[in-house]
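Heavy atoms only: backbone and side chains are in, while hydrogens, waters and symmetry mates are out. If you're wondering where the values come from, they're calculated on a predicted model, not measured in any experiment. Position 1 is the first residue of the sequence; numbering continues from there.
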Amino acid sequence: MLRPHTELELGDCSYLNTCHRMDTCKYVHYELDDDEKNWTYKKRRQIPPGVAISACYINAKKLFLLKVFTPPTKVLPPQWINCDVRKFDFSILGKFTVIMADPPWDIHMTLPYGTMTDDEMKAMAIADLQDEGLMFLWVTGRAMELGRECLSIWGYDRADELVWIKTNQLQRLIRTGRTGHWLNHSKEHCLVGIKGNPECLNWGLDCDVLVGEVRETSRKPDEIYGLIDRLAPGTRKLEIFGRQHNTRPGWMTLGNQLDNVRLYEPEVVALYNERYPEKPCRLTPLPDDW
């Protein structure tokens with residue numbers, strides 16, 4: 001059903017034939033049609049630099065037009081630095097398009113890892129890492145407002161929020177557990193902050209709900225990496241407070257539980273050795289198949 005207000009690049013309406021606003025809804029809707037005649041709909045548009053238009057035909061009945069940012073270069077293998085993020089000099093790392101942090105918030109409970117005070121979190125030099133881009137900040141119930149305050153202090157506007165729905169090994173919702181004071185917590189929140197006006201992003205590809213299995217304490221769902229990589233393909237990304245299982249291609253990871261240092265960027269190695277001459281690192285050679 002193509003109407004004057006329909007925008008094909010938005011894709012299907014989630015409600016489809018139950019949509020109550022078909023007269024104004026810009027998403028794609030359908031109606032049964034016995035006509036076997038194939039058709040396509042072509043829309044002329046100005047394509048901005050760095051954007052490719054890809055089309056996908058389904059049974060020759062419909063045409064999707066999807067704006068996709070074309071990454072400029074091949075992403076590097078996983079990089080990481082074992083460090084105390086409270087004291088590490090972030091300025092030697094350069095700038096990143098996306099930053100994700102899962103802080104060890106002080107939630108006034110006994111935890112199998114060290115925590116940071118509210119003042120230590122607010123004092124982190126996050127501003128050194130990004131001129132414009134996105135910040136994904138995982139928060140606990142107590143830290144919800146504190147997380148928003150940190151984003152503001154670090155120079156971000158709150159743009160969005162993700163929620164992780166926790167499931168067990170049978171893919172069922174977790175209703176009982178060790179977390180929660182009055183109600184059992186079956187979800188976690190990730191605040192999304194934005195700085196500046198980043199252009200190399202694919203807006204609107206994913207939704208704000210992740211459904212993933214719970215694993216060891218504090219480990220977040222792997223689905224978050226796919227979401228961010230689709231949102232900002234080919235860009236530099238940083239994870240703070242990461243562990244070895246968090247390392248990913250295209251990402252740099254910081255944390256005190258990582259295996260020493262692995263860096264593929266000569267500029268970062270030079271700045272690291274200049275800043276920390278007492279514990280220098282070597283440039284890691286790229287794999288032969290890179």
Can you see which heavy atom on [X] is nearest to which on [Y], and at what distance?
{"X": "Val139", "Y": "Gly147", "result": "CG1-CA, 4.0 Å"}
{"X": "Met121", "Y": "Cys150", "result": "CB-SG, 4.1 Å"}
{"X": "Met124", "Y": "Trp154", "result": "O-NE1, 3.4 Å"}
{"X": "Val214", "Y": "Lys166", "result": "CG2-CB, 3.4 Å"}
{"X": "Cys25", "Y": "His5", "result": "O-CD2, 3.0 Å"}
{"X": "Trp251", "Y": "Leu238", "result": "CZ3-O, 3.6 Å"}

Handout entry: Ring geometry between Phe88 and Tyr276 (parallel below 30°, tilted from 30 to 60°, perpendicular above 60°)
Key = parallel
Practice task
Step by step, work out the side-chain contact (heavy atoms from CB on, under 4.5 Å) result for Asp12 and Tyr27.
Solution key: CA-CA 5 Å; Asp12 293 344; Tyr27 288 81; over 6 Å; no
Looking at [X] and [Y], would you say the former's side chain and the latter's main chain have a donor-acceptor pair under 3.5 Å?
{"X": "Lys95", "Y": "Asp128", "answer": "yes"}
{"X": "Asn273", "Y": "Pro277", "answer": "no"}
{"X": "Arg236", "Y": "Val75", "answer": "no"}
{"X": "Lys237", "Y": "Ala232", "answer": "yes"}
{"X": "Asp102", "Y": "Phe241", "answer": "no"}
{"X": "Gln130", "Y": "Leu134", "answer": "yes"}
{"X": "Trp105", "Y": "Trp138", "answer": "yes"}
{"X": "Glu132", "Y": "Lys195", "answer": "no"}
{"X": "His29", "Y": "Thr6", "answer": "no"}
{"X": "Asn246", "Y": "Arg243", "answer": "yes"}

Does the side chain of [X] reach to within under 4.5 Å of the side chain of [Y], using non-hydrogen atoms?
{"X": "Leu93", "Y": "Leu129", "value": "yes"}
{"X": "Leu231", "Y": "Asp206", "value": "no"}
{"X": "Leu162", "Y": "Ile224", "value": "yes"}
{"X": "Pro77", "Y": "Tyr264", "value": "yes"}
{"X": "Asp160", "Y": "Phe136", "value": "no"}
{"X": "Leu8", "Y": "Val28", "value": "yes"}
{"X": "Met252", "Y": "Glu265", "value": "yes"}
{"X": "Asn256", "Y": "Val85", "value": "no"}

Handout entry: Lys187 atom NZ, over 12 foreign heavy atoms within 6.0 Å
Key = no
Exercise for the section: Report, as yes or no, whether the 6.0 Å neighbourhood of atom CD on Gln171 holds more than 12 heavy atoms from other residues, nucleotides or ligands. Expected result: yes
What's the spacing between [X] [atom1] and [Y] [atom2] if we round to 0.5 Å?
{"X": "Leu283", "Y": "Arg262", "atom1": "CG", "atom2": "CZ", "result": "12.0 Å"}
{"X": "Glu149", "Y": "Met144", "atom1": "CD", "atom2": "CE", "result": "14.5 Å"}
{"X": "Arg158", "Y": "Tyr156", "atom1": "CZ", "atom2": "OH", "result": "15.5 Å"}
{"X": "Asn260", "Y": "Ile81", "atom1": "CG", "atom2": "CD1", "result": "10.5 Å"}
{"X": "Leu210", "Y": "Cys190", "atom1": "CG", "atom2": "SG", "result": "8.5 Å"}
{"X": "Leu146", "Y": "Ile153", "atom1": "CG", "atom2": "CD1", "result": "8.0 Å"}

Practice task
Classify the side-chain pair Thr253/Arg248 by whether it contains a donor and acceptor separated by less than 3.5 Å.
Solution key: no
Exercise for the section: Could you tell me whether the side chains of Asp89 and Ser91 share a donor-acceptor contact shorter than 3.5 Å? Expected result: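 Their side chains do contain a donor-acceptor pair, which is all the 3.5 Å distance test asks for.
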Problem - Member of Leu173, Val163, Thr167 meeting the side-chain contact (heavy atoms from CB on, under 4.5 Å) criterion with Val211 - result: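 Of Leu173, Val163, Thr167, side-chain contact (heavy atoms from CB on, under 4.5 Å) with Val211 is met by Thr167 alone.
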Do [X] and [Y] sit in the same hydrophobic cluster, where Ile, Leu, Val, Met, Phe, Trp and Tyr count as joined when their side-chain heavy atoms come under 4.5 Å apart?
{"X": "Met116", "Y": "Leu254", "value": "yes"}
{"X": "Trp80", "Y": "Phe90", "value": "no"}
{"X": "Leu258", "Y": "Tyr225", "value": "no"}
{"X": "Ile240", "Y": "Val261", "value": "yes"}

Practice task
Test side-chain contact (heavy atoms from CB on, under 4.5 Å) on Leu286 and Leu76 and set out the steps.
Solution key: CA-CA 8 Å; Leu286 288 167; Leu76 292 171; 3.9 Å; yes
Completion exercise
Which of Glu213, Glu188, Glu239 passes salt bridge (charged side-chain N to carboxylate O under 4.0 Å, His left out) with Lys220? Answer is Glu188
Handout entry: Lys/Arg N to Asp/Glu carboxylate O, Arg148 vs Asp157, below 4.0 Å
Key =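 So Arg148 does not pair with Asp157 through a salt bridge.
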Practice task
Could you check Val192 against Leu137 for side-chain contact (heavy atoms from CB on, under 4.5 Å), going step by step and ending with a plain yes or no?
Solution key: CA-CA 6 Å; Val192 184; Leu137 182 65; over 6 Å; no
